[in-house]
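Since the structure comes first, as C-alpha cells, the remarks are kept for the end.
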Amino acid sequence: MEINSVLGIVSAVATLACALMAALLHRKTERIKIMENQLSDKKYKAYADLVGMFYDVLKDVKESKTTNPKRMQDRMIISKKDIFMYGSDKVFKAFNKWLCSTTENDSKQYIQMNNLLNLMVQVRKDMCGNSSRIKKHDLLLNLIQNKDEVDKYWKELHKMK
C-alpha cells in the first residue's frame, strides 16, 4: 500500500473518531443540563413550598384563624426533606439555624425572626444567583407592612445583640 493511501485511511478514521467523540460529549452535556434543570425545578419548588408555608401562617394570623398544627407539622417535615435534598448549603444551614432557634428554651422571638429572615435572604440569593439585593429589613417590611413596626423590631433586635 502506498503511503498516501495509508495516510488517507488514518485521516478518515481519525476524523470519524473525533466526530463520534464530539457527538458523545454533546449527548452527555445535554443529559447533565437536563438533570441540572430537573434539580433546579425541584429546588425552586422546595423553596416555594417553604416560603408558602410561612405566608399561609401569616395569612391565618391576619384573618384571626387558628393554624392547623398537624397540617403545618406535615408540611414542615416535607420542607425539611426537600431542603435537605435540593437546597444549597447556605440555605440548608440557615434553615437548620432557624429550626434550632424555634426549639431552644432560652431563644427569644426576635432571634427566631432574625433567623427566619436570614433563611429567606439565603433562599432569594440562591434563586437569584447571589444577585439579590433584598435585605432582612426589606423582607420584614413585606411581612409586617408597617415601617414603624419594622423600625421598632430592629431596635429591639439590636438591643439583644
**OP:** To the nearest 0.5 angstrom, please state how far the NZ atom of Lys125 sits from the OG atom of Ser88.
**Re:** 11.0 Å
Original post:
Between Lys147 and Asp151, is the closest basic N to carboxylate O distance under 4.0 Å?
Top reply: yes
**OP:** Go through the steps for Val10 and Val13 under the test side chain to side chain contact (heavy atoms under 4.5 Å, CB included), then give the verdict.
**Re:** CA-CA 5 Å; Val10 168; Val13 169; 5.8 Å; no
Original post:
Can Arg124 and Leu139 be said to form a side chain to side chain contact (heavy atoms under 4.5 Å, CB included), step by step?
Top reply: CA-CA 10 Å; Arg124 285 193 53 86; Leu139 290 172; 4.2 Å; yes
Original post:
Going through the checks in order, is the side chain to side chain contact (heavy atoms under 4.5 Å, CB included) test met by Thr29 and Leu25?
Top reply: CA-CA 6 Å; Thr29 302; Leu25 181 63; 4.3 Å; yes
**OP:** Could you state whether Ile78 and Leu116 fall into the same hydrophobic cluster, counting links through intermediate Ile, Leu, Val, Met, Phe, Trp or Tyr residues with side-chain heavy atoms under 4.5 angstrom apart?
**Re:** no
Original post:
Do Lys152 and Asp148 meet the salt-bridge criterion of a basic N to acidic O distance under 4.0 Å?
Top reply: no
**OP:** Answer yes or no: is there an ion pair linking Lys43 with Asp82, defined by an N-O contact shorter than 4.0 Å?
**Re:** no
Original post:
How long is the gap from CG on Asn142 to CD1 on Ile134, to the nearest 0.5 Å?
Top reply: 8.5 Å
Subject >> Candidate pair Asp74 and Lys70, rule salt bridge (Lys or Arg N to Asp or Glu O under 4.0 Å), full reasoning >> reply: CA-CA 6 Å; Asp74 292 346; Lys70 172 71 172 128; 3.0 Å; yes
Original post:
Between Ser79 and Met53, which heavy-atom pair has the shortest distance, and what is it?
Top reply: OG-CE, 4.0 Å
**OP:** Check whether the ring centres of Tyr110 and Trp154 lie less than 6.0 Å apart, and answer yes or no.
**Re:** no
Original post:
Do Leu140 and Lys136 touch side chain to side chain, with heavy atoms closer than 4.5 Å?
Top reply: no
Original post:
Which distance, rounded to the nearest 0.5 Å, do you find between the CH2 of Trp98 and the OG1 of Thr103?
Top reply: 10.0 Å
**OP:** Measure the NZ-CG distance between Lys80 and Leu50 for me, rounded to the nearest 0.5 Å.
**Re:** 12.0 Å
Original post:
Side chains of Tyr153 and Asn146: is there a donor and an acceptor less than 3.5 Å apart?
Top reply: no
**OP:** Classify the side-chain pair Lys97/Asn118 by whether it contains a donor and acceptor separated by less than 3.5 Å.
**Re:** no
Original post:
Any side-chain heavy atom of Phe54 within less than 4.5 Å of one from Met120?
Top reply: yes
Original post:
Under 3.5 Å, is there a donor-acceptor pair between the side chain of Asp138 and the main chain of Lys135?
Top reply: yes
Original post:
Under 4.5 Å between any side-chain heavy atoms of Ile83 and Tyr47, yes or no?
Top reply: yes
Original post:
Just by distance, do the side chain of Ser40 and the backbone of Glu36 share a donor-acceptor pair under 3.5 Å?
Top reply: no
Original post:
Near Lys33 NZ, under 6.0 Å, is it more than 12 heavy atoms from other residues, nucleotides or ligands?
Top reply: no
Subject >> Lys62 side chain reached by Gln145 side chain, heavy atoms, under 4.5 Å >> reply: yes
**OP:** Step through the shown structure and confirm whether more than 12 heavy atoms of other residues, nucleotides or ligands are within 6.0 Å of OH on Tyr55.
**Re:** yes
**OP:** Using a 4.5 Å cut-off on heavy atoms from C-beta on, say whether the side chain of Arg75 contacts that of Met72.
**Re:** yes
**OP:** Output, in order, the C-alpha distance, side-chain angles, deciding distance and verdict of side chain to side chain contact (heavy atoms under 4.5 Å, CB included) for His137 and Val150.
**Re:** CA-CA 7 Å; His137 191 274; Val150 170; 3.3 Å; yes
Original post:
Tell me, do Phe95 and Gln122 make a side-chain contact under 4.5 Å, heavy atoms counted?
Top reply: no
Original post:
If you take all heavy atoms of Leu119 and Ala94, which pair is closest and at what distance?
Top reply: CA-CB, 3.8 Å
**OP:** Would you mind checking if Asp89 and Lys93 are paired as a salt bridge, meaning a charged N to carboxylate O distance below 4.0 Å?
**Re:** no
**OP:** Classify the side-chain pair Asp60/Thr67 by whether it contains a donor and acceptor separated by less than 3.5 Å.
**Re:** yes
**OP:** Enter the distance from Asn115:CG to Asn96:CG here, rounded to the nearest 0.5 Å.
**Re:** 11.0 Å
Subject >> Spatial distance of atom CG (Leu16) from atom CE (Met21) [nearest 0.5 Å] >> reply: 12.0 Å
Original post:
Is Asp126 close to Lys90 at the side-chain level, that is, under 4.5 Å between some pair of heavy atoms?
Top reply: no
